[in-house]
Amino acid sequence: MTTERYDARNAEPKWQKAWDEAATFTTKNDDPRPKYYVLEMFPYPSGRIHMGHVRNYAMGDVVARVKRAKGFNVLHPMGWDAFGLPAENAAMERKVHPREWTYSNIATMRGQLKSMGLSLDWSREIATCDPSYYRHQQKLFLDFLKVGLVDRKKSKVNWDPVDNTVLANEQVIDGHGWRSGAPVEIRELTQWFLKITDFSEDLLTALDGLDRWPDKVRLMQKNWIGKSEGLLVRFVLEGAPDGFSEVEVYTTRPDTLFGASFVAVAPDHPIAQDVAKSDKKLTAFIEEARKTGTSAAAIETAEKHGYDTGISAVHPLDPSRKVPVFVANFILMDYGTGAIFGCPAHDQRDFEFATKYHLPITRVVANGPEDHPQVPLLEADSAEDGTLVNSDFLNGLSVPEAKNAVAKKLEAKNLGNRPVGKRQVNYRLRDWGISRQRYWGCPIPIIHCEEHGAVPVPDDQLPVTLPDDITFDRPGNPLDHHPTWKNVPCPICGKPARRETDTMDTFVDSSWYFARFTAPDADVPTIRNVADHWMPVDQYIGGIEHAILHLLYSRFFTRAMNKAGYTSVSEPFAGLFTQGMVVHETYKANGEWVSPADIVMTGEGASRSAATKSGAIVEIGSIEKMSKSKKNVVDPDDIIAHYGADTARWFMLSDSPPERDVIWTESGVEGANRFVQRLWRIVQGVADIAPQPKPETFSDAATALRRTTHQTIAAVDENVEGLRFNVAVAKLYELSNALATQLAAKDKDASLLFALRESGETLVQLVAPMTPHLAEECWHALGKTGLVAEAEWPKAEGSLLVSDTITLPVQVNGKKRDEITVAVTATPAEIETIVRKLDSIVRASDGKPVKKVIVVPQRIVNVVV
RNA sequence: GCGGACGUGGCGGAACUGGUAGACGCAAGGGACUUAAAAUCCCUCGCCCGAAAGGGAGUGUGGGUUCGAUUCCCACCGUCCGCACCA
């Protein structure tokens with residue numbers, strides 16, 4: 001028996017090459033076996049992979065390898081989310097072209113991913129920044145335009161007046177541009193929009209069908225779509241400027257209409273704007289309100305402010321009542337009609353506002369007799385389960401009844417030739433603005449002609465490619481500055497026209513890449529029947545940070561592609577799993593963050609202490625997400641070079657439940673590596689046993705080992721299906737322990753030798769999805785021909801999963817006192833007889849009479865005294 | 001503020017549908033092997049009382065349902081996450 005250590009550095013490249021040469025992971029579209037599409041969120045090519053990638057891709061790879069072994073035709077591709085701002089920042093800071101920077105990062109990261117031994121079909125690799133990808137995206141955009149899913153309208157953007165550029169929200173820090181430090185202005189630009197709101201209702205209701213998505217993500221999307229059912233109500237105005245005889249408000253609480261004590265409109269509301277023309281104070285108020293609207297910190301501390309316009313609104317149900325009309329800073333023009341009626345008693349914001357401006361606060365919904373209308377409220381009370389009071393014909397009704405009664409009444413009542421009230425469903429979801437004033441993105445294929453307006457680029461002129469000769473020495477969008485690129489003839493009249501210089505939001509790129517993977521070389525965006533065959537993705541795995549935008553946009557995009565005829569599915573991801581982050585301790589020396597690679601740790605447990613290599617004392621800080629800024633990053637390359645990819649993969653799958661954060665620790669990696677070495681030793685022991693014929697009868701030891709082996713197959717199956725990798729890992733440890741114990745036994749009969757061989761081979765197959773290189777090495781050592789990656793998944797023998805005797809715990813009044821071993825077939829009556837005679841039970845009963853014996857078959861016995 | 005999740009040994013965590021709480025790993029302690037170390041192997045390992053046998057309480061806190069509750073219900077405490085002047 002050899003006892004050499006397993007040498008990952010040597011074995012891993014060897015097996016990666018073997019898989020490559022055998023094309024083990026290349027997927028054919030016309031393979032007749034049932035399909036399984038597993039996908040991990042593709043990475044942004046930032047430069048190097050990080051531990052989060054290792055964890056994400058290790059999980060997906062386990063699923064892919066298990067499904068492949070179970071006979072599925074598995075699609076498991078990889079690509080690059082390659083457009084985006086960091087490439088432009090690199091260009092500005094390091095004078096490197098965004099394309100070169102991106103492709104060089106891709107090359108590095110591809111090499112790193114390959115060193116992980118992932119079972120990916122690299123022949124399907126795509127990069128979103130490649131014209132061979134984005135030309136199809138341009139085609140999709142034009143087709144969406146044809147089917148009416150594209151819109152062009154004005155929208156507000158963050159504008160940096162020094163850099164002359166549009167800023168993303170994350171580039172605005174405390175109301176200032178991140179690079180220039182100048183105060184950010186809000187500007188209106190004409191932008192392209194995708195009409196995601198056309199699908200608001202469908203995107204909402206279809207969430208119910210996504211039963212393999214986390215409830216949490218579905219709830220987040222539901223809140224994001226934000227459906228509300230309410231009523232539009234028209235108020236007649238008195239004392240308003242010409243042309244404003246009425247104001248329309250939106251409310252979800254029409255039942256509280258009799259509690260209205262004011263009407264408020266947004267600073268951007270046409271009425272406010274009009275009054276401001278002749279009212280300097282209001283102009284100043286609106287200006288002030290806009291300022292507080294930009295930064296999140298300001299909003300949180302912002303007080304509710306209002307400006308009384310002097311206009312009165314007539315109560316629609318009681319013409320004798322009139323309420324003042326305010327302009328208020330907490331009303332949003334974008335939601336509803338940009339105007340509300342305020343009911344201070346039942347809305348906290350209205351309550352605060354009314355208190356400040358001394359407006360009446362009248363209770364109109366009471367929870368019970370204690371809520372006498374005359375008792376002053378200390379805060380608003382939503383009182384959704386209450387009964388209407390103080391409300392004329394509504395008195396005594398429940399809230400839903402009152403909502404309905406008000407709606408009915410106002411719908412029937414006419415003002416001019418329209419009803420006063422109209423029921424309306426509202427969504428918080430807004431259309432998706434995709435215009436970005438940037439270079440490194442997919443060009444929007446439109447040509448602007450003075451005569452013909454926005455003209456689509458004809459199909460035969462696609463793709464509109466990005467020009468290479470650009471500079472970043474001027475602020476603003478290089479496409480806009482380019483001397484020639486944007487000058488083109490109008491496709492309709494041929495007169496000089498100009499290209500759209502905006503590029504698409506990078507979320508567009510990632511909204512359909514999963515569909516492109518199904519036919520990555522096709523000269524159309526998707527081949528319909530191929531996309532229909534593979535889609536939806538059976539298992540999608542990625543970070544929770546994409547719970548809303550990426551996943552919602554992809555759901556929309558799939559519907560849009562469906563409408564444009566590219567696929568007949570409408571949901572892109574049947575199963576979704578969101579994995580936790582990789583976190584690590586932080587270290588500080590002399591006030592500076594220190595990398596774990598630069599410290600020396602001494603002592604253990606609570607008495608641990610750390611120092612830098614130069615001897616400075618290191619303070620051990622909190623455990624946080626690995627990030628460059630805190631320097632608590634462990635580089636996967638270092639780990640793979642030191643321990644091998646299998647150790648890194650095994651560690652990422654062990655211990656922590658995959659949806660939770662995992663703490664990266666040195667001892668954890670070493671533990672994982674210990675297992676890798678241990679498995680190799682065990683397998684060498686098994687390899688010394690010649691393959692055995694299956695015996696007729698088995699010794700007790702052999703049967704016990706076989707039971708463990710087959711129970712482990714069942715357990716690993718079940719836990720991998722449920723993505724509980726940490727539990728599957730624990731079961732594999734148990735099997736290893738049982739196998740090692742029997743391997744060390746002195747006298748082994750032939751049946752035990754058979755069981756050891758069976759157990760060893762099974763163990764190798766079961767770990768193969770997690771530590772694939774080690775498994776190949778073991779498979780080979782066991783004398784197996786072919787690749788374990790291509791071997792059929794082991795099947796648990798049903799007869800070994802059940803036993804003919806069973807051990808039942810025996811409780812007295814719910815406390816365990818003893819246990820008995822009986823035949824599985826023992827009847828409850830037989831068990832009861834045995835239990836009643838047990839010394840331990842008689843003793844524990846303490847002479848009290850036995851009232852009842854509860855026998856739960858196969859589970860437990862409880863004696864009630 | 002609204003919504004959601006979670007709370008189990010020194011640590012990460014396991015526990016099927018209400019049925020033996022603490023699987024498995026890490027850390028720790030003891031031993032074997034070794035000139036020594038590493039590696040490896042064996043043993044112990046939630047808390048309290050007890051030499052042991054055994055016993056007691058125990059899954060954030062307090063109550064409830066049940067023969068039986070980590071699991072279900074109510075209240076509270078704590079942690080984390082999402083959304084937010086959304087009418």
Can you find a side chain N or O atom of [X] that sits less than 4.0 Å from OP1 or OP2 on [N]?
| X | N | result |
| --- | --- | --- |
| A/Arg678 | B/G25 | no |
| A/Arg428 | B/A84 | yes |
| A/Arg674 | B/C26 | yes |
| A/Asn737 | B/G25 | yes |
| A/Arg660 | B/G13 | yes |

- Whole-angstrom distance between B/C43 and B/A5, as gauged at atom P: 43 Å
- Selection from B/C24, B/C67, B/G56 that lies nearest to any side-chain heavy atom of A/Arg817: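 It is B/G56.
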- Among B/G82, B/A14, B/U20, the nucleotide that comes nearest once only the side chain of A/Pro657 is considered: B/A14
Just to be sure I understand the rule, does [X] reach a base, reach only the sugar-phosphate, or reach nothing, if contact means heavy atoms closer than 4.0 Å?
| X | value |
| --- | --- |
| A/Lys852 | nothing |
| A/Ser656 | sugar-phosphate |
| A/Val856 | base |
| A/Glu734 | sugar-phosphate |
| A/Glu819 | base |
| A/Asn426 | nothing |
| A/Ile544 | nothing |
| A/Ile663 | nothing |
| A/Tyr250 | base |
| A/Lys815 | sugar-phosphate |

- Message: Taking the cut-offs as 6.0 angstrom to the six-membered ring centre and 45 degrees off its axis, would you call A/Arg428 and A/Trp224 a cation-pi pair?
- Response: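 Checked: cation-pi criterion met.
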- Query: Hey, which of these two, A/Asn726 or A/Val863, hits RNA chain B nearer its 5' end, going by closest nucleotide?
  - Reply: A/Asn726
Pair [X], [Y]: side-chain N/O donor-acceptor within cut-off below 3.5 Å:
| X | Y | answer |
| --- | --- | --- |
| A/Thr821 | A/Thr805 | no |
| A/Thr771 | A/Asp646 | no |
| A/Ser654 | A/Tyr733 | no |
| A/His305 | A/Lys356 | yes |

- Is there side-chain contact between A/Leu257 and A/Leu317, with at least one heavy-atom pair below 4.5 Å?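 A side-chain contact exists here, since the closest heavy-atom pair is under 4.5 Å.
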- Query: Less than 3.5 Å between a donor and an acceptor, one on the side chain of A/Arg349 and one on the base of B/C86, is that the case here?
  - Reply: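 Check fails, no donor-acceptor contact within cut-off.
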- base_contact_polar (B/C67 base, A/Asn862 side chain, donor-acceptor, <3.5 Å): yes
Distances under 3.5 Å between nitrogen or oxygen atoms of protein and nucleotides 62-64 of chain B:
none

- Task: Flag the pair A/Phe651 / A/Tyr643 as yes when their ring centroid distance falls below 6.0 Å, and as no otherwise.
- Result: no
